[in-house]
Amino acid sequence: MDVSQMKIHAIQPRTRAERQMTSDKEQIEKNHLKGRSGNYYAYDGGIETMYGEKGTPGYIQESERFSSNFTNYHKEQRDADINRRNESLQARRNHSLRRDEQRFQQLEENYKRDERKVEFLQQRQKTRRSEAFNPITLELNDNAQGQELAHQDDMSLDRMKRRRVELYTRSNGRYNPITGEEVNLPGIKF
């Protein structure tokens with residue numbers, strides 16, 4: 001392919017002023033304002049467009065545009081942060097106090113309800129003991145319940161003796177397996 005047939009688009013190099021315009025932020029903003037379209041305010045190149053004209057609400061004098069008292073600004077910011085943190089802590093503290101008060105109130109109500117229940121049960125219960133014997137001296141009472149308990153104890157002892165005899169005779173028989181003599185143990189009757 002010939003060089004004459006190639007389509008080369010020659011682009012003019014930018015001048016130094018054009019290159020410097022692309023690095024200046026304020027100049028970039030001005031160029032954007034110039035190129036704006038669509039029923040916006042047309043930029044005429046004056047500085048008033050960016051900063052407002054005298055008598056308009058957006059106007060401010062050049063001496064007042066920049067605040068020189070940064071220490072007060074930062075102190076106000078720190079104070080606002082501290083106040084916000086303290087208010088948050090106070091709100092959490094108040095929430096915890098209310099929650100604890102409700103919990104203690106609930107515990108107190110439960111305790112009072114349990115006391116009323118115990119009083120009610122104590123009033124319903126008779127003053128007599130439910131055991132048929134004195135739990136301290138272990139003596140039987142002189143009433144029908146005491147006599148019934150004595151009879152149950154006697155029956156239990158009798159069953160125990162009969163079981164002892166039954167177990168011995170089933171395992172050894174009536175005779176001693178070594179000597180062959182008849183066994184006469186105390187409390188065992190054949």
Side-chain angles (χ1 to χ4, degrees), residues 25 28-29 32 38 40 51-52 56-60 64-190:
K25 291 183 180 181
I28 292 171
E29 184 66 27
H32 282 287
Y40 291 108
Y51 302 116
T56 61
Y59 175 75
I60 189 168
E64 296 176 0
R65 276 187 64 212
F66 301 102
S67 176
S68 61
N69 196 357
F70 292 108
T71 56
N72 282 346
Y73 174 76
H74 289 299
K75 183 176 183 330
E76 289 172 1
Q77 290 292 342
R78 282 194 314 269
D79 290 345
D81 289 342
I82 289 171
N83 287 339
R84 188 170 44 252
R85 194 176 316 122
N86 287 341
E87 288 173 2
S88 172
L89 288 173
Q90 187 65 33
R92 287 171 54 191
R93 189 177 300 126
N94 290 339
H95 175 71
S96 296
L97 286 173
R98 283 193 303 272
R99 186 184 63 221
D100 285 345
E101 286 176 6
Q102 289 174 353
R103 186 171 59 100
F104 287 134
Q105 186 177 9
Q106 184 68 30
L107 287 173
E108 189 171 338
E109 289 174 4
N110 290 345
Y111 179 74
K112 288 180 179 179
R113 187 182 65 233
D114 290 343
E115 279 186 342
R116 286 193 303 268
K117 183 178 178 181
V118 166
E119 286 179 16
F120 175 73
L121 291 175
Q122 285 177 349
Q123 289 175 357
R124 283 188 51 206
Q125 187 180 19
K126 296 179 181 176
T127 56
R128 64 176 175 82
R129 289 191 302 265
S130 61
E131 299 89 13
F133 62 94
N134 188 340
I136 297 173
T137 61
L138 300 179
E139 294 177 356
L140 296 175
N141 292 342
D142 293 334
N143 56 13
Q145 286 182 339
Q147 291 172 358
E148 178 67 26
L149 184 60
H151 178 68
Q152 288 177 359
D153 287 345
D154 291 340
M155 295 298 292
S156 176
L157 287 173
D158 186 48
R159 279 193 311 272
M160 184 177 62
K161 286 178 185 176
R162 280 188 277 137
R163 178 168 162 61
R164 186 173 65 176
V165 169
E166 188 67 26
L167 286 175
Y168 184 81
T169 55
R170 285 193 181 175
S171 64
N172 297 327
R174 292 182 170 209
Y175 300 97
N176 186 340
I178 298 174
T179 61
E181 296 176 358
E182 191 173 338
V183 177
N184 288 325
L185 293 175
I188 295 180
K189 298 177 183 172
F190 295 107

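These numbers were taken from a predicted model, which means no experiment stands behind them.
Judged as a salt bridge (Lys or Arg N to Asp or Glu O under 4.0 Å), the pairs with a partner in residues 76-89 (not counting sequence neighbours) are, in order, Lys75-Asp79, Asp81-Arg84. Residue pairs meeting the salt bridge (Lys or Arg N to Asp or Glu O under 4.0 Å) criterion with at least one member in residues 109-123, sequence neighbours excluded: Glu108-Lys112.
Here Asp142 pairs with nothing under the side-chain hydrogen bond (donor to acceptor under 3.5 Å, both in side chains) rule; sequence neighbours left out. For Glu139, there are no side-chain hydrogen bond (donor to acceptor under 3.5 Å, both in side chains) partners, not counting sequence neighbours. Under the side-chain hydrogen bond (donor to acceptor under 3.5 Å, both in side chains) criterion, Gln77 pairs with Tyr73, sequence neighbours left out. Residues forming a side-chain hydrogen bond (donor to acceptor under 3.5 Å, both in side chains) with Ser88 (at least two apart in sequence, or on another chain): none.
Judged by distance alone, the side chains of Gln90 and Arg93 do bring a donor and an acceptor atom under 3.5 Å apart.
Between His151 and Gln147 there is no side-chain heavy-atom pair separated by less than 4.5 Å. No side-chain heavy atom of Gln145 sits under 4.5 Å from any side-chain heavy atom of Leu149.
With Ser156 contributing its side chain and Gln152 its backbone, the two residues share no donor-acceptor pair below 3.5 Å.
Taking CD of Glu101 as the start and CD of Gln105 as the end, the distance is 8.5 Å to the nearest 0.5 Å. How far CZ of Arg99 is from CZ of Phe104: 10.5 Å, rounded to the nearest 0.5 Å.
A salt bridge links Arg170 with Glu166: at least one charged nitrogen is closer than 4.0 Å to a carboxylate oxygen.
Considering all non-hydrogen atoms of both residues, Leu140 and Ala150 come closest at CD1-CB, 3.5 Å.
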*Could you walk me through whether Met160 and Arg163 pass the side chain to side chain contact (heavy atoms under 4.5 Å, CB included) test, one step at a time?*
CA-CA 5 Å; Met160 184 177 62; Arg163 178 168 162 61; 5.8 Å; no

